[in-house]
Amino acid sequence: MEFKYPNLCKPITVGRTTFRNRMWSAPMGGTDIANDGCIGPKSTAFYEMRSKGGAGAVTVSECMVHPATDGSHAYHLDESILNSLACATYTADAIRRHGGIPSLELSHSGMYAGTYMTDKSKQKSMHQWGPSDTVRPDGVEVKALTKEMIDEIVASYGHVAGLAKRAGFEMLMIHCGHGWLINQFLSPMFNKRTDEYGGSLENRCRLAIEVLKAVREAVGPFFPIEARISGSELVPEGYDLEEGVRIAQMIEPYVDIIHVSAGTYQRSFGDTHPSMFKDHGCNVYLAAEIKKHVSKPVATLGGLGDPAQMEEIIASGKADVVEMARGLIADPNWVNKVQYGEEELIRKCISCNVGCAGNRIGVNRPIRCT
């Protein structure tokens with residue numbers, strides 16, 4: 001079959017896994033998360049629809065790896081919870097049966113644990129743990145993680161990674177961006193430690209590398225690991241693109257794909273989720289620069305929705321994969337329409353952030369699209 005956008009539609013092999021195209025479904029949280037963190041049937045159907053619509057990979061978001069220090073109302077994968085592994089298996093199977101590669105995002109909220117809880121009084125009563133002792137802008141006290149706690153969290157990443165593989169997921173995304181725990185250690189904005197986890201960039205990268213090593217040990221050498229980083233935090237107190245390049249280089253030996261996003265939820269949410277007032281693909285330059293300095297495949301995302309622009313990104317070597325979230329909420333069949341020459345029928349995302357991000361984040365409402 002001859003494609004109008006051959007680079008977008010070209011398969012890519014990572015490890016021993018072949019993805020049917022370069023258009024992937026980026027992490028999107030579920031809408032019916034059970035009280036014990038199980039993936040509900042509506043969420044399973046939501047992710048299945050993205051695979052049925054043609055996406056090369058579909059990432060389920062977010063699975064919190066260590067409930068003892070992160071009580072966020074999100075997915076958990078725990079063999080002690082009835083149906084936890086089964087619900088994950090149903091979801092992975094639902095994605096795989098349509099040809100997409102099922103992926104699970106592993107995360108820890110760190111000092112912003114409980115962000116997605118509907119019960120905000122309970123959220124503020126939680127113990128908050130981060131890289132350093134501090135008080136959050138909303139007045140919540142944060143305690144620094146001890147070395148023993150860090151070791152326990154690292155081990156939990158490996159344990160949950162093994163469970164995810166057992167459940168049928170065929171790729172893992174490790175969330176190292178957007179102001180969550182691993183990013184908090186990477187960032188001079190959050191990390192004020194004076195031990196081996198703070199100070200120099202090498203020390204600030206230590207947690208990320210320990211986590212990636214634990215995950216690799218759990219899943220084996222050929223299982224794809226995608227690391228999501230912020231190419232730059234885009235605020236003066238954070239790290240810039242120059243350090244973003246160095247972070248990518250330091251984690252590269254332990255991953256298969258470097259997924260380059262931007263900003264932090266706490267300070268630059270509007271850059272992480274570019275609105276209609278920003279240019280399409282305004283964050284692509286971050287991935288393009290990082291790709292010049294690494295040999296592993298690089299993924300980019302952020303307000304992308306024009307097939308011609310996305311084709312050019314791949315063709316010109318700015319990135320190897322393009323990922324979408326809001327675009328696939330607006331039209332779950334976006335990828336199929338591109339592959340079958342029906343791009344004029346795409347129902348395009350207008351980047352309003354009203355029905356999806358604005359309607360859901362922090363309040364757990366179902367994802368909508370205006």
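For clarity, every value in this text was computed on a predicted model and none was experimentally measured.
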Check your understanding: Salt bridge between E243 and R204, side-chain N to carboxylate O under 4.0 Å?
Key -> yes

Check your understanding: If you measure only the distance, is there a donor-acceptor pair under 3.5 Å linking the side chains of E62 and H175?
Key -> no

Practice item. For atom CD of E344, decide whether the heavy atoms of other residues, nucleotides or ligands shown that lie under 6.0 angstrom number more than 12. Key: yes

Check your understanding: Should we count NZ of K318 as having more than 12 external heavy atoms under 6.0 Å?
Key -> yes

Review point. Is atom NZ of K213 surrounded by more than 12 heavy atoms (other residues, nucleotides or ligands) closer than 6.0 Å?
Key: no

Review point. A167 and L85: which non-hydrogen atoms are nearest, and at how many Å?
Key: CB-CD1, 3.9 Å

Review point. Same hydrophobic cluster for M28 and W24, using side-chain heavy-atom links shorter than 4.5 Å among ILVMFWY?
Key: no

**Study point:** Within 45° cone of F19 ring axis and under 6.0 Å: R22 NZ or CZ
**Key:** no

Review point. Stepwise, does the side-chain contact (heavy atoms from CB on, under 4.5 Å) test hold for W129 with I153?
Key: CA-CA 11 Å; W129 300 95; I153 290 170; over 6 Å; no

Check your understanding: Is there a side-chain contact between Q249 and V294 (heavy atoms, below 4.5 Å)?
Key -> yes

Review point. Is the distance between the ring centroids of H273 and Y265 less than 6.0 Å?
Key: yes

Point to revise | Side chains of T91 and T44, donor plus acceptor under 3.5 Å | key: yes

Check your understanding: Will you find, in the side chains of E79 and H159, an N or O donor that is under 3.5 Å from an N or O acceptor?
Key -> yes

Study note, to complete from the structure: Heavy atoms of G110 and Q128 approach each other most closely as O-OE1, 3.8 Å

**Study point:** I182 side chain near H108 side chain, heavy-atom distance below 4.5 Å
**Key:** no

Check your understanding: Among the clusters formed by ILVMFWY side chains lying less than 4.5 Å apart, do V219 and F169 turn up in the same one?
Key -> yes

Practice item. Show the numbers, then the answer: is there a side-chain contact (heavy atoms from CB on, under 4.5 Å) between D70 and L181? Key: CA-CA 10 Å; D70 185 1; L181 181 66; over 6 Å; no

Check your understanding: Is the shortest side-chain N to carboxylate O distance from K192 to D133 below 4.0 Å?
Key -> no

Check your understanding: CH2 of W180 to CE of M111: how many Å apart, nearest 0.5 Å?
Key -> 10.5 Å

Point to revise | SB check D256 R216 (cutoff 4.0 Å) | key: yes

Exercise for review: Identify the two heavy atoms, one from C369 and one from I329, that lie closest to each other, and give their separation to 0.1 Å.
Suggested key: CB-CG2, 4.0 Å

Review point. Near Y340 OH, under 6.0 Å, is it more than 12 heavy atoms from other residues, nucleotides or ligands?
Key: no

Review point. So do the side chains of S261 and H178 get within less than 4.5 Å of each other, counting heavy atoms only?
Key: yes

Exercise for review: Examine the side chains of E226 and S103 and answer whether a donor and an acceptor come within less than 3.5 Å of each other.
Suggested key: no

Point to revise | Distance, nearest 0.5 Å, that separates CE of M310 from CH2 of W334 | key: 3.5 Å

Practice item. Go through the steps for M173 and E323 under the test side-chain contact (heavy atoms from CB on, under 4.5 Å), then give the verdict. Key: CA-CA 13 Å; M173 178 184 289; E323 302 201 21; 4.2 Å; yes

Check your understanding: Which distance, rounded to the nearest 0.5 Å, do you find between the CE of M23 and the CG of N7?
Key -> 10.5 Å

Review point. How close do A88 and I39 get, heavy atom to heavy atom, and via which atoms?
Key: CA-CD1, 4.0 Å

Check your understanding: Do NZ/NE/NH1/NH2 and the carboxylate oxygens of R97 and D93 come within less than 4.0 Å?
Key -> no

Point to revise | Electrostatic pair K292-E289, nearest N-O below 4.0 angstrom | key: yes

**Study point:** Full working for side-chain contact (heavy atoms from CB on, under 4.5 Å) between R193 and S132
**Key:** CA-CA 6 Å; R193 297 177 76 100; S132 307; 3.8 Å; yes

Check your understanding: Hey, are the side chains of R228 and C176 touching, using non-hydrogen atoms and a 4.5 Å cut-off?
Key -> no

Practice item. Give a yes or no on this: more than 12 heavy atoms of other residues, nucleotides or ligands lie within 6.0 Å of atom CD of E217. Key: no

Exercise for review: Mind checking the CG-OG spacing from N283 to S232? Nearest 0.5 Å is all I need.
Suggested key: 9.5 Å

Revision key, fill the gap. Here the salt bridge (Lys or Arg N to Asp or Glu O under 4.0 Å) pairs for residues 326-343, sequence neighbours left out, are K4-E343, D331-K337

**Study point:** Interatomic distance, I150 atom CD1 to D195 atom CG [nearest 0.5 angstrom]
**Key:** 6.5 Å

**Study point:** Heavy-atom closest pair, residues N21 and G54
**Key:** ND2-O, 2.8 Å

**Study point:** Polar side chain donor-acceptor pair, H76 to S84, under 3.5 angstrom
**Key:** no

Point to revise | Inter- and intrachain pairs under side chain to side chain donor-acceptor pair (under 3.5 Å), touching residues 160-174, at least two apart | key: R96-E170

Point to revise | In one Ile/Leu/Val/Met/Phe/Trp/Tyr side-chain cluster, 4.5 Å: I12, M324 | key: no

Point to revise | L201 vs I247 side-chain heavy atoms within contact, under 4.5 Å | key: yes

Check your understanding: Counting only heavy atoms not in H280, do more than 12 fall under 6.0 Å of its NE2?
Key -> no

Check your understanding: Looking only at heavy atoms, which two atoms of L186 and Y239 are closest? And how far apart?
Key -> O-CD2, 4.0 Å

Check your understanding: Does a side-chain heavy-atom distance below 4.5 Å link V211 with L106?
Key -> no

**Study point:** L301-L286 co-clustered via ILVMFWY side chain contacts under 4.5 Å
**Key:** no

**Study point:** Option passing side-chain contact (heavy atoms from CB on, under 4.5 Å) with V255 (candidates L212, V215, I229, L172)
**Key:** L212

Practice item. Decide yes or no for I257 and M171: does some side-chain heavy atom of the first lie under 4.5 Å from some side-chain heavy atom of the second? Key: yes

Practice item. Taking the side chain as every heavy atom from C-beta outward, state whether Y197 and L145 have any atom pair closer than 4.5 Å. Key: no

